[in-house]
Amino acid sequence: MTLTCPARRQLLLGLGGVALCSLLPSKAVASRSTKGIRELSLYNRHTGERNDGSYWVDGHYQSEVLADFSQLLRDHRQNIAAPMDKRLFDLLYSLKTTLSVDDEIHVISGYRSPKTNGMLASKSGGVAKKSYHMQGMAMDIAIPSVNLKTLRDAALSLKLGGVGYYPKSGFVHVDCGPVRRW
């Protein structure tokens with residue numbers, strides 16, 4: 001079988017494309033995979049508690065680790081825990097990856113009961129009356145080895161939810177609600 005010039009050209013282009021794909025780094029192909037491990041290390045500044053664990057393994061969330069994280073992120077004023085949104089942990093993992101740090105994430109506030117949120121809102125205009133903290137969808141965080149402005153900018157770049165910047169209080173608010181900033 002003899003190929004015409006256009007057919008030969010098309011065949012060579014196709015083979016060239018296959019060869020080019022084989023040169024792509026394996027990381028580009030691996031990024032589509034559901035395999036792997038996502039780990040976080042958390043430190044609650046109010047209770048002094050630490051917890052680290054692999055919350056996602058080979059495409060599956062680890063319910064025991066998530067329950068332990070939710071306990072660490074409880075409302076320390078009322079000693080009430082609530083399940084935290086899994087997307088929040090994915091946001092923290094993406095943030096850690098974006099910053100290329102493996103450091104412990106310091107938690108200033110995780111879950112807030114309605115009673116605690118109401119008390120805080122009555123004392124400060126910076127606390128939303130219908131805060132995502134009450135739905136287990138928000139955290140106020142810091143990473144001591146990362147400049148607060150850098151942490152804020154990295155969180156904004158992800159476009160995974162709300163980002164609030166509180167430099168005087170020493171934390172960045174992140175949540176898995178709509179993308180917005182303040």
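Hydrogens, waters and symmetry mates are skipped; everything else that's a heavy atom, side chains included, is used.
Residues Leu160 and Leu95 fail the side-chain proximity criterion, which asks for heavy atoms closer than 4.5 Å. Taking 4.5 Å as the limit, every side-chain heavy atom of Ile143 sits out of range of all side-chain heavy atoms of His106. Taking the side chain as every heavy atom from C-beta outward, Met119 and Arg77 approach each other to under 4.5 Å. Looking only at side-chain heavy atoms (C-beta outward), Arg180 and Val163 stay at 4.5 Å or farther from each other. When side chains are defined from C-beta on, Met137 does not count as touching Leu88, because their heavy atoms never get closer than 4.5 Å. Ser54 is not listed as a side-chain neighbour of Val65, based on a closest heavy-atom distance of 4.5 Å or more. Side chains of Leu40 and Asp52 form no contact here, defined as non-hydrogen atoms less than 4.5 Å apart. Under the 4.5 Å side-chain criterion, counting only non-hydrogen atoms from C-beta, Leu73 is in contact with Phe89.
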Glu104 vs Leu42, side-chain contact (heavy atoms from CB on, under 4.5 Å): CA-CA, chis, key distance, verdict: CA-CA 5 Å; Glu104 190 171 62; Leu42 304 174; 6.0 Å; no
Glu49 vs Arg74, test: side-chain contact (heavy atoms from CB on, under 4.5 Å). Steps then yes/no. CA-CA 11 Å; Glu49 297 168 310; Arg74 72 188 178 280; 2.9 Å; yes
For Val174 and Val172, run side-chain contact (heavy atoms from CB on, under 4.5 Å): C-alpha distance rounded to whole Å, both residues' side-chain angles, the deciding distance at 0.1 Å, then the answer. CA-CA 6 Å; Val174 293; Val172 172; 4.2 Å; yes
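In this structure a side-chain-to-backbone donor-acceptor pair under 3.5 Å is missing from Ser169 to Phe171. Asp58 places a side-chain N or O within 3.5 Å of a backbone atom of Gly36 that can act as its donor or acceptor partner. Side-chain atoms of Lys96 come within 3.5 Å of backbone N or O of Glu39 as a donor-acceptor pair. Formation of a donor-acceptor pair under 3.5 Å by the Thr116 side chain with backbone atoms of Arg112 is not found in this model. A donor-acceptor pair is defined here as one N or O able to donate and one able to accept, closer than 3.5 Å; no such pair exists between the side chain of Arg87 and the backbone of Asp85.
Residue Tyr61 comes nearest to Arg38 through the heavy atom pair OH-NH1, 4.4 Å, listed as atom of the first residue, atom of the second, then distance. When every heavy atom of Arg45 is checked against every heavy atom of Gly170, the shortest pair comes out as NH1-O, 4.3 Å. For the pair Ile108 and Ala142, the tightest heavy-atom approach, listed with the atom from each and the gap, is CD1-N, 3.9 Å. Counting all heavy atoms, side chain and backbone alike, Ser70 lies closest to Met84 at OG-N, 3.1 Å. Nearest heavy atom pair, residue Asn117 against residue Ser131, reads OD1-CB, 3.3 Å. Of all heavy-atom pairs spanning Val107 and Gly110, the tightest one is CG1-N, 4.1 Å.
Interatomic distance, Ser41 OG to Asn51 CG, rounded to the nearest 0.5 Å: 8.5 Å. A distance of 12.0 Å separates OH in Tyr166 from CG in Leu148, rounded to the nearest 0.5 Å. Between Thr98 atom OG1 and Tyr93 atom OH the span is 10.5 Å, to the nearest 0.5 Å. Separation of atoms CG (Asp75) and CE (Met134) is listed at 11.0 Å; rounding is to 0.5 Å. Distance check, rounded to the nearest 0.5 Å: CE of Met139 to OH of Tyr111 gives 15.0 Å.
Remark: the His133 side chain and the Asp175 side chain contain no N/O donor-acceptor pair separated by less than 3.5 Å. In this model, no donor atom of one side chain and acceptor atom of the other lie less than 3.5 Å apart for Tyr43 and Asp103. Side chains of Thr97 and Ser94: a donor-acceptor N/O pair is absent below 3.5 angstrom, by distance only. Using modelled atom types and a 3.5 Å distance limit, the side chains of Asp68 and Tyr55 yield no donor-acceptor pair.
Between His173 and Trp182, the ring planes are tilted. Angles from 30° to 60° get that label.
Note on Leu66 and Tyr132: separate hydrophobic clusters, where clusters join Ile, Leu, Val, Met, Phe, Trp and Tyr whose side-chain heavy atoms are under 4.5 Å apart, directly or indirectly.
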